[in-house]
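Accompanying notes for the structure given below.
The first residue in the sequence is number 1, and the count goes up from there. What you see is a predicted model; the values in this text were computed from it and never measured.
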Amino acid sequence: LVGRAGGASGRAVHGLRADLVDAYDEHAPLLDVAPSPEGLTAGVIVVDSQFADTAPLCLEEMLKRSGKSEIGTLINTHHHGDHTDGNSVFRPKTKQIIAHTNVPKYLKSGYDRQMAQRAQQNPPPETPAPAQPATIDRTVSDTLAFEHGDERVSIKHYGPAHTGGEIVIHFERGNVPHMGDLMFKP
């Protein structure tokens, strides 16, 4: 997703006007790139970094298509690996990572559990040890809102559901919600 000047793309996805939505599947974060890099006003917002093995391609393509050298904001909807394992790939090129207050502790406990299991394996595993979780720069316990280019981004935690740390992101001017795993495509 990007902050961009001007009007809508005119595309529709699932009945929504796709001012912000360009592509989404289980291996690629949501993104929309203005028709030209000059149309970008605030850089790219990524929702969920996906798996570590697919994140480099996503990051490279977003930077290439946006004409930017870094991601403005990465927002994690919750702590599961298919939403956060790519954080360490995005980290060097991302200004800030935002997640619910519980996400850093859930990531740390998962890492600690994996390391304890590795330490007990005999013979020792030949695979590389997991990377420590990337640092979350800003956490949200209830609500957060900020301006990003011509878009207003609202984040809200409605309470425990799929995990104890989901957030819903609403791109208000585009009227596009992102609900992570709280809503699945049938």
Side-chain angles (χ1 to χ4, degrees), residues 1-5 8-9 11-34 40-51 55 58-59 62 66 70-88 90-91 94-110 133-186:
L1 298 168
V2 299
R4 62 185 159 122
S9 64
R11 295 178 302 245
V13 176
H14 305 296
L16 294 175
R17 210 168 154 80
D19 297 40
L20 300 171
V21 179
D22 183 54
Y24 180 77
D25 65 33
E26 62 272 13
H27 299 295
L30 283 173
L31 73 139
D32 186 70
V33 176
L40 296 176
T41 58
V44 179
I45 290 179
V46 175
V47 177
D48 293 329
S49 61
Q50 304 294 320
F51 291 107
C58 293
L59 177 62
M62 280 185 269
S66 71
E70 62 185 1
I71 302 298
T73 303
L74 167 59
I75 305 170
N76 293 142
T77 57
H78 63 289
H79 75 280
H80 287 163
D82 57 332
H83 298 260
T84 60
D85 279 359
N87 284 6
S88 59
F90 277 80
R91 175 78 277 173
T94 300
K95 289 182 184 177
Q96 69 172 339
I97 300 176
I98 300 173
H100 183 267
T101 305
N102 290 336
V103 169
K105 67 183 175 187
Y106 290 163
L107 292 175
K108 173 87 167 83
S109 69
T135 301
I136 306 294
D137 301 301
R138 193 170 185 184
T139 60
V140 180
S141 61
D142 185 33
T143 62
L144 172 70
F146 60 94
E147 301 294 322
H148 185 82
D150 63 353
E151 185 53 58
R152 180 165 176 78
V153 181
S154 296
I155 299 172
K156 181 161 178 63
H157 172 67
Y158 288 92
H162 177 60
T163 72
E166 281 89 14
I167 55 176
V168 173
I169 302 107
H170 184 213
F171 298 91
E172 293 181 16
R173 293 189 183 108
N175 194 27
V176 176
H178 191 300
M179 302 170 72
D181 283 351
L182 294 177
M183 183 174 184
F184 290 91
K185 180 180 173 186

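Rounded to the nearest 0.5 angstrom, Thr94 OG1 and Ile75 CD1 are separated by 11.5 Å. A distance of 13.5 Å separates NZ of Lys156 from CD of Glu166, quoted to the nearest 0.5 Å. With rounding to the nearest 0.5 angstrom, the CD1 atom of Ile167 is 10.0 Å from the NE2 atom of His178.
Side-chain atoms of Thr77 and Asp48 include a donor-acceptor pair closer than 3.5 Å.
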message: Between His157 and Thr101, does the side chain to side chain contact (heavy atoms under 4.5 Å, CB included) criterion hold? Intermediate values first, please.
response: CA-CA 10 Å; His157 172 67; Thr101 305; over 6 Å; no

message: Pair Phe171, Val47 - check side chain to side chain contact (heavy atoms under 4.5 Å, CB included), show working.
response: CA-CA 11 Å; Phe171 298 91; Val47 177; 4.1 Å; yes

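Listed here is the closest heavy atom pair of Ala145 and Arg152: CB-NH2, 3.2 Å.
The closest side-chain heavy-atom distance from Thr139 to Val103 is not below 4.5 Å. Residues His100 and Thr163 are not in side-chain contact: their nearest non-hydrogen atoms beyond the backbone lie 4.5 Å or more apart. Residues Asp85 and His80 fail the side-chain proximity criterion, which asks for heavy atoms closer than 4.5 Å. The side-chain heavy atoms of Ile98 and Ile136, taken from C-beta on, include no pair separated by under 4.5 Å. Proximity of Lys108 to His79: side-chain heavy atoms (C-beta onward) are nowhere separated by under 4.5 Å. At least one side-chain heavy atom of Arg138 sits less than 4.5 Å from a side-chain heavy atom of Leu144.
Of the candidates Gln96, Lys95, Arg91, Asp137 forms a side chain to side chain donor-acceptor pair (under 3.5 Å) with just one, namely Arg91.
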